[in-house]
Amino acid sequence: MGTTEFVIAGLLPEIADDLNVSVSQAGLLITAFAAGMIVGAPAMAIATLHLPRRSTLILALAVFALGHLVAALSSSFALVLAARVVTALATGTFWCVGALVATTAAGPAATSRALGMLLGGLTVATVAGVPLGAWLGQLSGWRGPFWVLAVLSVGAAAVIGRYIPADERREAPSVRAEFAALRDVRVWLTLSAMTLLMGGVLATYTYISPLLTERAGVPAAAVPMVLTGYGLGALLGTTVGGRLGDRRPLATLITSAATTTLVLLLLTLLSPNPVAAVILVTLMGMAGFAPTPVLGALALRFSSSAPTLVSGLSGSAPNVGIAIGSWTAGIALTSPLEQAGPPLVGTVAAALTLLPLTALALMRATRSDTPPPQPGTAADQAIRCGTQDIG
């Protein structure tokens with residue numbers, strides 16, 4: 001599921017040629033997935049409160065597989081676009097419910113370890129899944145990765161059906177209390193920062209393939225290696241950001257956002273140099289993802305009494321940025337700026353991230369008398385479905 005959202009970034013030229021659309025139009029396949037996640041994460045966080053978790057996971061994987069089969073068999077861009085939206089809805093459902101199942105199964109003493117294993121899948125997707133998918137797409141055509149993802153998701157559904165225990169009855173939280181948590185302005189400032197930062201980084205990443213091949217002169221066969229560098233940078237950034245953010249969250253966030261802005265600006269200016277472009281793409285992953293665990297933790301803190309809906313919105317917020325950012329970057333790509341347009345859009349978005357972060361700092365937002373939920377509590381478990389997409 002981590003692979004499917006962004007593997008298209010390495011296959012945009014091939015998809016555009018096969019479906020007879022422009023590269024910027026093909027980029028809408030990422031925008032459409034983000035739009036599905038925007039609706040799916042919070043909606044499914046509420047809609048699945050009363051459903052059996054095992055059944056929900058299996059159904060989500062079945063829909064996920066079906067969406068990939070439809071896309072792999074279709075020659076219509078509109079149908080592939082629709083399949084991406086449906087696939088994203090299934091992804092949002094799976095992550096919210098799957099995080100709860102994982103932390104519940106591990107128990108209060110091992111919730112952090114369980115969450116680390118679960119989020120490890122996203123790390124593998126960034127470091128290996130996306131580059132391997134791009135490589136497979138270049139060998140077998142862009143439909144090849146879709147077939148593989150469909151088969152793997154069917155296998156995952158069978159394993160979950162066999163090993164996840166039934167949990168038919170559980171107490172659901174109050175929907176009214178969930179919406180009441182949205183009254184805290186700190187929640188919206190945190191969500192805004194998520195939206196702007198991920199929008200800036202992923203606006204650039206969506207069109208990283210044409211930037212590397214057409215502007216920097218990097219061979220198409222080397223693009224998966226560059227994506228691996230980006231993934232390793234994201235892994236390092238998430239790890240370091242999480243550790244620093246435990247002690248000084250707002251300082252970590254502001255420093256990371258400022259660094260991301262600088263890296264994207266340099267990428268806009270220096271990307272004609274292939275060496276500089278490759279280094280800056282790696283740094284973009286490192287700086288851009290360092291704030292993600294810190295933002296997730298702040299969302300949890302600011303909505304500690306009723307975090308389920310806010311956690312769903314924490315999954316939606318980055319995808320709002322991805323949808324708007326990739327759409328705007330597509331327009332910039334077709335402008336006279338050409339391949340320099342997407343990183344310039346990313347630079348502006350990353351710079352705007354400093355506004356909500358500065359507001360939080362001025363409010364001394366992290367100095368609260370309310371302690372964060374302890375591992376294993378309902379609040380701790382509920383936030384998992386919101387932080388996966390950015391962590």
Side-chain angles (χ1 to χ4, degrees), residues 1-5 33 36-71 83-108 110-125 129 146-173 178 296 307-309 311-316 319 376 378-391:
M1 289 184 169
T3 298
T4 196
E5 183 165 9
F33 192 97
M37 286 290 292
I38 291 167
V39 176
M44 296 307 167
I46 298 298
T48 61
L49 287 177
H50 300 280
L51 296 178
R53 290 173 179 169
R54 181 175 64 184
S55 301
T56 302
L57 292 175
I58 294 173
L59 179 61
L61 283 165
V63 173
F64 184 87
L66 181 61
H68 283 80
L69 288 176
V70 170
R84 289 283 289 174
V85 174
V86 173
T87 301
L89 290 172
T91 301
T93 304
F94 183 90
W95 277 109
C96 285
V97 178
L100 293 175
V101 169
T103 53
T104 301
T111 52
S112 296
R113 184 183 304 175
L115 181 62
M117 293 179 66
L118 186 67
L119 297 183
L122 292 176
T123 302
V124 173
F146 281 73
W147 284 107
V148 172
L149 288 167
V151 172
L152 290 175
S153 58
V154 170
V159 171
I160 283 175
R162 172 65 179 83
Y163 291 104
I164 298 298
D167 183 17
E168 301 298 326
R169 297 182 181 274
R170 64 185 186 278
E171 183 179 353
E178 297 295 333
T308 305
L309 180 57
S311 68
L313 290 172
S314 296
S316 294
N319 285 285
D380 178 72
Q381 293 171 7
I383 195 63
R384 308 309 190 205
C385 64
T387 58
Q388 64 84 18
D389 205 47
I390 62 172

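Computed from heavy atoms alone, side chains included, the values below leave out hydrogens, waters and symmetry copies. Each residue takes its place number in the sequence, starting with 1. Model, not experiment: these values are computed from the prediction.
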I'd like to check the side chain to side chain contact (heavy atoms under 4.5 Å, CB included) partners of [X]; sequence neighbours left out, ordered by chain and number.
| X | result |
| --- | --- |
| L59 | V63 |
| L57 | F94, V97, V101, I160 |
| S153 | L61, F64, A65 |

Identify the heavy atoms of H68 and A150 that sit nearest to each other, and give their distance. CB-CB, 3.9 Å
So which atom in A83 and which in V70 form the shortest heavy-atom distance, rounded to 0.1 Å? CB-CG1, 4.1 Å
Kindly compute the distance separating [atom1] ([X]) from [atom2] ([Y]), expressed to the nearest 0.5 Å.
| X | Y | atom1 | atom2 | answer |
| --- | --- | --- | --- | --- |
| F33 | L89 | CZ | CG | 9.0 Å |
| I164 | T56 | CD1 | OG1 | 12.0 Å |
| R54 | R162 | CZ | CZ | 10.5 Å |

Any side-chain heavy atom of L69 within less than 4.5 Å of one from F146? no
Taking the side chain as every heavy atom from C-beta outward, state whether M37 and T91 have any atom pair closer than 4.5 Å. yes
